[in-house]
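Read the structure below first, then the notes.
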Amino acid sequence: MDEFNVYVLGCGSALSMHGRHPSGQIIQYGDIFCLIDCGEGTQSRLNQYGIKPFKIEMIFISHLHGDHVFGLPGLLSSLAHLKRTTPLTVYGPIGIKGFLESIFTYTSQKITYPLSIVENDIDDIKTIWSNDRLEILTFPLNHRVPCNGYLFREIGHSIKLRKEQIEAHALTVDQIKAITRQQDVLVNGKSIPASVFIHPPQPRLSYAYCSDTRYDEKIIRWIGNVSVLFHETTFMNDKEVLANQTGHSTAQQAARIAKMANANCLMTGHFSSRYKDLLPLLDEVKEKFSHAILAEEGKKYKLRSLVNHGLQ
Ligand SMILES: [Zn+2]
Ligand SMILES: [Zn+2]
């Protein structure tokens, strides 16, 4: 199976405080690198954490609030200065194209590599990209401005061979090819099932990104049974009224969504700068949903480990 990892670049909300920064995450699936949201300073944190921005093929922007998008013109401009030649696609809500084009115009920035900007005006879930291993979907969130959630979902199964068994039976290249087609092979006149040489299939993984959003049970139909749910938890429970007014969620509300969606693991984030210590917020989440973690900047989360082994 391909590696399926999330790198947290920014877990804060509007202000950079307490060592936390505005939103940004890298989703790695095998050799595919995607960036979700690009708050101010995302570029520096990519460098800091040793992730090459050239690897990024797709960028997904949730909405046009500054803490999710102010780093994007800088990143796209840097890639031009660095003479990127490979294509890059930016997906986002209506307005993302005008936002970027006006900045490029006013700053006389020429984008010299193939850049596509795709606007999604959605009221239901929609597949926006897929190959034979992964599909990426977008769905609407309930915020103060149009806001798109994203769902990354594994499809199909790649076959992982058991090298020690292949060596022990001294299989030929043709026999290995037969195994990858799940055919049994004949060794010393004895038929051996292909399953002996293949690791058992692992469950398909999925990752949903829900930020920014107020509490809205409507999203459950789209993120049901998700492996890892990233749901914003801007506020602690006593700020429920403020959360609703500002289009955000509390700890308990995120936990309720995770429970109703039957998520395996809940990753919390988009923390308000009013909280220096986040452990009380995590405690509130865990009162309602125990398999929950805080998104921590600079950390790489292996989704398969999170789901298989519980908390790391
Ligand atoms: Zn935000
Ligand atoms: Zn926002």
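Remember, it's 1-based here, ligands and their atoms both numbered in the order they're listed. Note: hydrogens, waters and symmetry copies are ignored here, and every other heavy atom, side chains too, is used.
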Open item on the list: Report whether any nitrogen, oxygen or sulfur of His63 sits less than 2.8 Å from the Zn ion (ligand 2) (N, O or S, backbone or side chain).
Closed with: yes
TODO: Compute both the distance and the angle, then confirm whether Arg256 meets the cation-pi test with Tyr215: under 6.0 Å from the six-membered ring centre, within 45 degrees of the axis.
DONE: yes
Open item on the list: Before moving on, can you tell me the angle at the Zn ion (ligand 1) between the OD2 atom of Asp67 and the NE2 atom of His270, to the nearest 10 degrees?
Closed with: 90°
TODO: Show your reasoning for whether side chain to side chain contact (heavy atoms under 4.5 Å, CB included) applies to Gln48 and Glu297.
DONE: CA-CA 11 Å; Gln48 195 183 333; Glu297 290 184 20; over 6 Å; no
Open item on the list: Is Glu232 close enough to the Zn ion (ligand 1) that one of its N, O or S atoms comes in under 2.8 Å?
Closed with: no
- [ ] Using a strict 4.0 Å threshold on nitrogen-to-oxygen distance, state whether Arg153 and Glu135 make a salt bridge.
- [x] yes
Open item on the list: Nearest 0.5 angstrom please: Leu279 CG to Glu284 CD, how far?
Closed with: 12.0 Å
Open item on the list: Just checking: His68, one of its N/O/S atoms, less than 2.8 Å away from the Zn ion (ligand 2), yes or no?
Closed with: no
- [ ] Return yes when at least one N/O/S atom of His143 is nearer than 2.8 Å to the Zn ion (ligand 2), and no when none is.
- [x] yes
Task: Minimum-distance N/O/S atom that His65 presents toward the Zn ion (ligand 2) - done: ND1
Open item on the list: Closer than 2.8 Å to the Zn ion (ligand 2): does that hold for any N, O or S atom in Asp212?
Closed with: yes
Open item on the list: Let me confirm one number: the SG-CE distance from Cys11 to Met267, rounded to the nearest 0.5 Å.
Closed with: 10.5 Å
Task: Sub-6.0 Å ring centroid separation between Phe152 and Phe60 - done: yes
